[in-house]
Amino acid sequence: MSADLLQLENFIAGQFTAPLGGRYLDSVDPSTGSAWARLPDSGADDVDAAVNSALNAFPSWSAKSAVARSQILDAIANQIEQHLDELAELESRDQGKPVWLARAVDIPRAVHNFRFFASANLHHLETATYQAEFSAQNWTIRTPVGVCGLISPWNLPLYLLTFKLAPCLAAGNTAVCKPSELTSVTAWRLCQLMTDAGLPAGVVNMVFGRGATAGEALVLHPNVPAVSFTGSTLIGSRIQALTAPMVKKLSLELGGKNAALVFSDCDLPAAVETCVRSSFTNQGEICLCTSRIFVERSVYNEFLRQFLEETAKWKVCDRRDPATKLGAVVSAEHRQKILSYIESAPASGGRILCGQTLTDAAKLPPELASGFFVLPTVIVGAETDSDGGLSDEAPCMRDEIFGPVTCIVPFDDEAEAIKRANSVKYGLCATLFSRDASRIMRVSRQLQVGTVWSNCWLVRDLNMPFGGCKQSGIGREGAHDSLEFYTEVKTVCLRF
Ligand code: NAD
């Protein structure tokens, strides 16, 4: 074992604990391609120990008043905020994203998740009715579900983990978390910060390792009645199948293939700026990124011209450079997957206008040669685009690539744009660009997605439900919805 690698351990019953099997995995820095940390390759026995710890902590944590739990969540938010620079550097190194992005988005959002749910839990969701004909009073009681299994992906590691953890704890549950094996470092660091904030031992347990072993043992554990999972549709549907015989409570936030619809009456430069940002932010590794842009034919050529001009400003550089727009993608395997979609696009009628073609790759600075970098890539259809452009069946239009790759195609009328936007198996989000409010209202109703952004992107209010339809998921997260998921509601009837 190399002494200069950061060594992570599981966090069980308030203690950093070596995995029972003694096995570790390397975690690779995507910007250099070299291992920089080691994490436990945990197995079912580690998961079992973590679930037992969470079970032991449950009676006293769930018995605390909402105010007492809220104070601890606020203290966790303060700890994260006080370590913002350190956490942003760790997140950037582990995931590949620019440091400024982690500093501006990922870590502040983790702070907000704890602050928001600390307060949201103080507002009651209970209902009551009186039935005069029976002289009966009915009311609801909410109780925590128990030990929750929280499984998170690698693209927004601390941001998405804390979006589960904060409401889970606020509602009085205890947790066993399984972060992505590719990006476990900020979750591990969070364990110490939560302890410093006064979180009692055992309330949060962290088991690191692979999905097929640690993750699957967690979802199958009989003492874990609820599983909140964010990740791919493939694994989400596997978890649904595995847990069906146990009738577990499941929240599934899955993949997307999100469309933008650009109408000719929009503010075109603003639409271009937003679509470039929504296509390439975080290297395109956000489930909400846009990867299909449908543009009304009368403005298509001008949109494309401005889009390519704006994309040229999105530099792929060192993650520590404040001018860097895109860092490295998360792993060599993921880079290979993205490149295979780009390279196969011409076979399904695609033209690559800029990005990761072989000649463009040579533009990368030599010091980035061993990292997993991909240039922002734009794919369009045939030379004239007099028809519908790229086919909806082309793999780059149909599959979630989850990288800095976007397709741009023309459309002729509103009905066609809606039909094409809805043609994929996913239904996570869409963006609309138009100055016509009645059009926005009409089109929003017809899009089969969980969120529609109009003339903006990624403006998130935690008060609002978030989630996907079709194969983008089951359930919603947000102030009300998360607290619904993390509680059981009981009706009590009293006749007097
Ligand atoms: P993934 O499905 O491969 O892994 C997600 C997590 O599940 C990881 O922690 C992984 O170790 C674990 N896992 C893998 N196999 C498992 C199994 N059999 N049982 C239990 N756990 C298992 O996803 P990823 O590659 O880490 O993340 C990218 C995907 O996540 C993309 O599809 C993206 O769209 C999606 N995503 C969705 C949202 C959303 O809110 N809808 C947000 C972010 C990412």
Side-chain angles (χ1 to χ4, degrees), residues 7-25 27 37-62 69 72 76 144-153 157-158 160-162 164-169 171-197 199-231 235 239 242-243 246 248-251 486:
Q7 173 95 8
L8 278 49
E9 301 292 8
N10 289 333
F11 186 67
I12 298 175
Q15 302 292 324
F16 288 99
T17 314
L20 292 166
R23 290 180 304 277
Y24 288 83
L25 303 166
S27 187
R38 278 160 43 97
L39 58 132
D41 183 7
S42 304
D45 41 6
D46 299 298
V47 170
D48 198 43
V51 173
N52 282 335
S53 156
L55 267 180
N56 290 337
F58 180 74
S60 98
W61 180 251
S62 57
R69 289 198 297 266
I72 294 178
I76 296 173
V145 183
V147 176
C148 298
L150 310 182
I151 301 181
S152 48
L158 197 65
L160 290 173
L161 174 64
T162 55
K164 299 181 185 306
L165 197 49
C168 170
L169 299 181
N173 302 282
T174 55
V176 176
C177 309
K178 210 302 282 170
S180 169
E181 59 272 42
L182 299 178
T183 55
S184 293
V185 172
T186 49
W188 166 77
R189 188 69 185 93
L190 179 67
C191 298
Q192 186 60 53
L193 298 180
M194 290 188 297
T195 304
D196 295 347
L199 188 75
V203 173
V204 175
N205 304 273
M206 209 73 76
V207 177
F208 298 105
R210 290 173 291 135
T213 45
E216 210 149 303
L218 181 57
V219 300
L220 286 172
H221 200 291
N223 288 331
V224 175
V227 175
S228 177
F229 170 85
T230 299
I235 301 297
I239 290 175
L242 285 172
T243 57
M246 306 165 89
K248 294 199 181 209
K249 222 174 171 187
L250 280 189
S251 164
Y486 290 111

Quiz item: Between Ala214 and Phe208, what is the shortest heavy-atom contact and its length?
Solution: CB-O, 4.4 Å
Quiz item: So how far is it from Leu190 CG to Thr162 OG1, rounded to the nearest 0.5 Å?
Solution: 7.5 Å
Exercise. Could you pull out all residues at least two apart from Arg189 that satisfy salt bridge (Lys or Arg N to Asp or Glu O under 4.0 Å)?
Key: Glu86
Exercise. For Leu218 and Gly149, work out which heavy atoms get closest and say how close.
Key: CD2-CA, 3.9 Å
Practice problem: Return each pair, listed once, that meets salt bridge (Lys or Arg N to Asp or Glu O under 4.0 Å) where at least one residue sits in residues 52-61; pairs must be two or more places apart or across chains. | Solution: none
Quiz item: Minimum heavy-atom separation for Leu182 to Ser27, with atom names?
Solution: O-OG, 3.5 Å
Quiz item: Does the side chain of Val204 reach to within under 4.5 Å of the side chain of Trp61, using non-hydrogen atoms?
Solution: no
Quiz item: Got a sec, which residues hit side chain to side chain contact (heavy atoms under 4.5 Å, CB included) with Arg23, two or more places apart in sequence or on another chain?
Solution: Asp41
Quiz item: Quick one: OG on Ser184 to CG on Leu8, what's the gap to the nearest 0.5 Å?
Solution: 6.5 Å
Quiz item: Quick one: side chain to side chain donor-acceptor pair (under 3.5 Å) pairs with a partner in residues 199-209, sequence neighbours left out?
Solution: Ser53-Asn205
Quiz item: If only atom types and distance count, is the side chain of Asn56 paired as donor or acceptor with the main-chain N or O of Asn52 below 3.5 Å?
Solution: yes
Quiz item: When rounded to the nearest 0.5 angstrom, what distance separates CG in Leu160 from CG in Leu150?
Solution: 12.0 Å
Practice problem: Measure the shortest side-chain to side-chain distance between Leu161 and Cys177 over non-hydrogen atoms and say whether it is less than 4.5 angstrom. | Solution: yes
Quiz item: Does the side chain of Asn173 come under 3.5 Å of the side chain of Ser62 through a donor N or O and an acceptor N or O?
Solution: no
Quiz item: Would you find a donor on one side and an acceptor on the other, under 3.5 Å apart, between the side chain of Asp46 and the backbone of Gly43?
Solution: yes
Exercise. Kindly indicate whether the side chain of Val227, heavy atoms from C-beta on, has any atom under 4.5 Å from the side chain of Ser251.
Key: no
Quiz item: If every non-hydrogen atom of Gly209 is compared with every non-hydrogen atom of Leu25, which pair is closest and at what distance?
Solution: CA-CD1, 4.2 Å
Quiz prompt | Trace of the side chain to side chain contact (heavy atoms under 4.5 Å, CB included) decision for Phe11 with Trp188 | solution = CA-CA 8 Å; Phe11 186 67; Trp188 166 77; over 6 Å; no
With a cut-off of 3.5 Å and sequence neighbours excluded, list every side-chain donor-acceptor pair involving residues 13-21.
unit_1, atom_1, unit_2, atom_2, d
Thr17, OG1, Gln15, O, 3.0

Quiz item: How long is the gap from CG on Asp48 to CG on Asn223, to the nearest 0.5 Å?
Solution: 8.0 Å
Quiz item: Any side-chain heavy-atom pair from Phe58 and Pro144 closer than 4.5 angstrom?
Solution: yes
Quiz item: Should Ile235 and Ile239 count as side-chain neighbours, where that means a heavy-atom distance under 4.5 Å?
Solution: yes
Quiz item: Is there a side-chain contact between Val219 and Val224 (heavy atoms, below 4.5 Å)?
Solution: no
Self-check item: Separation of Phe229 CZ from Ser152 OG (nearest 0.5 Å)
Solution: 9.5 Å
Quiz item: Shortest non-hydrogen contact from Cys191 to Met206?
Solution: SG-CE, 3.6 Å
Practice problem: Kindly write out the residues that satisfy salt bridge (Lys or Arg N to Asp or Glu O under 4.0 Å) with Glu181, not counting sequence neighbours, or none if the list is empty. | Solution: Lys178
Quiz item: Under 3.5 Å, is there a donor-acceptor pair linking the side chains of Thr230 and Lys164?
Solution: yes
Quiz prompt | Shortest non-hydrogen contact from Gly215 toward Ile151 | solution = O-CD1, 4.0 Å
Quiz prompt | side chain to side chain contact (heavy atoms under 4.5 Å, CB included) evaluation trace for Arg69 with Val203 | solution = CA-CA 11 Å; Arg69 289 198 297 266; Val203 173; over 6 Å; no
Self-check item: Side chain proximity check, Ser42 to Thr213, heavy atoms < 4.5 angstrom
Solution: no
Quiz item: Quick one: does Leu250's side chain get under 4.5 Å of Thr243's, heavy atoms only?
Solution: yes
